[in-house]
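Structure first, commentary second.
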Amino acid sequence: MSSSRLILVTVIAMIAFAGNSLLCRLAFNETNIDAASFTTIRILSAVVMLAVVVTLKNRQLIWGGNWISAISLLAYAAGFSFAYLSLPAATGALLLFGAVQATMISYGVFAGELTNIKQFSGIALALGGLIVLFLPGLASPPLVGSLLMLGAGIAWGIYSLRGRSAGDATQETSGNFLRAAPLALVVSMLMIPQMSVDYSGIVYAVASGALASGIGYALWYSVLPYLKATSAATVQLSVPVITALGGVVLLGEPITFRLVLASCAILGGICIYILAKGDAAVAHKK
């Protein structure tokens, strides 16, 4: 893959990831769709799109995945949707991304990965940013929505960790979405008293599932083999920033000083950790 194509596909994938947050917030702002229905339609749409991608790629439909990963996927998708009932797009993306990275970093530390002073300073800076975000005040995010998004991030972190040892990533993802679909339908059935679906809401949910999730994941997995681990992790730092800009343009959301400060600390701390981890790995090989 040429460098120009690699950059283009990577940028499109990051925009797709940010698009999930923006589409979810747009759906809840402008339509009457409920969170459970949005989740179910999103997952079903992703199943269809990923089935097409897998078929085109392998010339036959081969499902992968497993039930534990599927449950983690559903926990992420449901927590994500219910959290965005109250969270702004930028804050939600920041919490989600921070929780994903925190989960994966914590696993690495628990597994005995090399940790140096730079890495610890990065963790401390990120934690400081999280504290700033939740300090009492008018601009602090809703607690329930924040906890739901942190839970969604932890679930996605677990899903990502489990996927590191998988074979064909697109095939595994399609199978996990397929398994998550009936579980999502169960959640929707449990929420029937609150069910509310309209045409516009369905359109946003389908776009989130088929385009931002299905196509987005397929594009991301196509460039991952060409990116170093540190580069792949670092480039994802752009997602909350893209989401924040999209929130301003599409949703009219304000960018507060608290959010900017917390974002710089959280994303900067994670970036320091990732880069320091890469330096430590190189030094260890030498």
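- A single hydrophobic cluster is seen to contain both Ile192 and Val187, as judged by linkage of ILVMFWY side chains at heavy-atom distances under 4.5 Å, directly or through other members.
- The CD1 atom of Ile158 sits 11.0 Å away from the CD1 atom of Ile71 when rounded to the nearest 0.5 Å.
- Side chain of Thr103 to main chain of Ala99: a donor-acceptor pair is present (N/O by atom type, distance under 3.5 Å, no hydrogens or angles).
- In the hydrophobic clustering of this structure, Tyr107 does not group with Ile68; members are Ile, Leu, Val, Met, Phe, Trp, Tyr whose side-chain heavy atoms approach within less than 4.5 Å, directly or through other members.
- Here the side chain of Ser121 pairs a donor or acceptor atom with the backbone of Lys118 at under 3.5 angstrom.
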(request) Check the pair Phe28 / Tyr204 against ring pair (Phe, Tyr, Trp, His ring centres under 6.0 Å), numbers first and verdict last. (result) CA-CA 10 Å; Phe28 296 145; Tyr204 282 124; 9.8 Å; no
(request) Before giving the answer on side-chain contact (heavy atoms from CB on, under 4.5 Å), spell out for Leu96 and Tyr76 the whole-Å C-alpha distance, their side-chain angles and the decisive distance to 0.1 Å. (result) CA-CA 9 Å; Leu96 176 70; Tyr76 147 72; 4.1 Å; yes
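- Residue Phe82 holds its CZ atom at 10.5 Å from SG of Cys24, rounded to the nearest 0.5 Å.
- Here the straight-line distance linking atom OG of Ser81 with atom CZ of Arg25 works out to 12.0 Å at 0.5 Å rounding.
- Within a 6.0 Å radius of CD1 in Ile255, other residues, nucleotides and ligands contribute more than 12 heavy atoms.
- When hydrophobic clusters are built by joining Ile, Leu, Val, Met, Phe, Trp and Tyr residues whose side-chain heavy atoms come closer than 4.5 Å, directly or via intermediates, Val197 is not grouped with Val203.
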(request) Give the C-alpha distance, both sets of side-chain angles, the deciding distance and a yes or no for side chain to side chain donor-acceptor pair (under 3.5 Å) between Asn66 and Arg162. (result) CA-CA 10 Å; Asn66 58 81; Arg162 290 185 56 81; 3.0 Å; yes
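- Listed for the Ser37 side chain is no donor-acceptor partner under 3.5 Å among the backbone atoms of Ile33.
- In the hydrophobic clustering of ILVMFWY residues, with side-chain heavy atoms under 4.5 Å counting as a link, Leu251 and Val239 come out together.
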(message) Pair Val48, Leu44 - check side-chain contact (heavy atoms from CB on, under 4.5 Å), show working.
(response) CA-CA 7 Å; Val48 174; Leu44 290 172; 5.9 Å; no
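- The aromatic ring centroids of Tyr217 and Trp156 lie less than 6.0 Å from each other.
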(request) Check step by step if side-chain contact (heavy atoms from CB on, under 4.5 Å) holds for Leu95 and Ile266. (result) CA-CA 9 Å; Leu95 290 173; Ile266 294 173; 5.9 Å; no
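- Within the 3.5 Å criterion, the main-chain N or O of Pro142 finds a donor-acceptor partner in the side chain of Ser146.
- Of the inter-residue distances, the one linking Leu178 atom CG with Thr173 atom OG1 reads 12.5 Å to the nearest 0.5 angstrom.
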(request) Go through the steps to decide whether Val144 and Ser86 satisfy the test side-chain contact (heavy atoms from CB on, under 4.5 Å), and finish with yes or no. (result) CA-CA 8 Å; Val144 174; Ser86 59; 5.9 Å; no
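- In this structure, Ser196 contributes its side chain and Asn32 its backbone to a donor-acceptor pair below 3.5 Å.
- With hydrogens and angles left out, the side-chain atoms of Thr243 and Ser21 include no donor and acceptor closer than 3.5 Å.
- Using a distance-only test at 3.5 Å, with no hydrogens or angles considered, a donor-acceptor pair links the side chain of Arg258 to the main chain of Val132.
- Panel note: side chain Glu253, backbone Ala89; a donor-acceptor pair is recorded below 3.5 Å.
- At distances below 3.5 Å, not a single donor-acceptor pair connects side-chain atoms of Arg42 with backbone N or O atoms of Asn20.
- Note: Leu74 CG to Thr40 OG1 = 8.0 Å, rounded to the nearest 0.5 Å.
- By the neighbour-count criterion of 12 heavy atoms within 6.0 Å, atom CE of Met189 is sparsely surrounded, having that number or fewer from other residues, nucleotides or ligands.
- Going from atom CD1 of Ile123 over to atom CG of Leu125 covers 11.0 Å, rounded to the nearest 0.5 Å.
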(request) Please step through ring pair (Phe, Tyr, Trp, His ring centres under 6.0 Å) for the pair Phe38 and Tyr84, ending with a clear verdict. (result) CA-CA 11 Å; Phe38 183 94; Tyr84 267 132; 9.3 Å; no
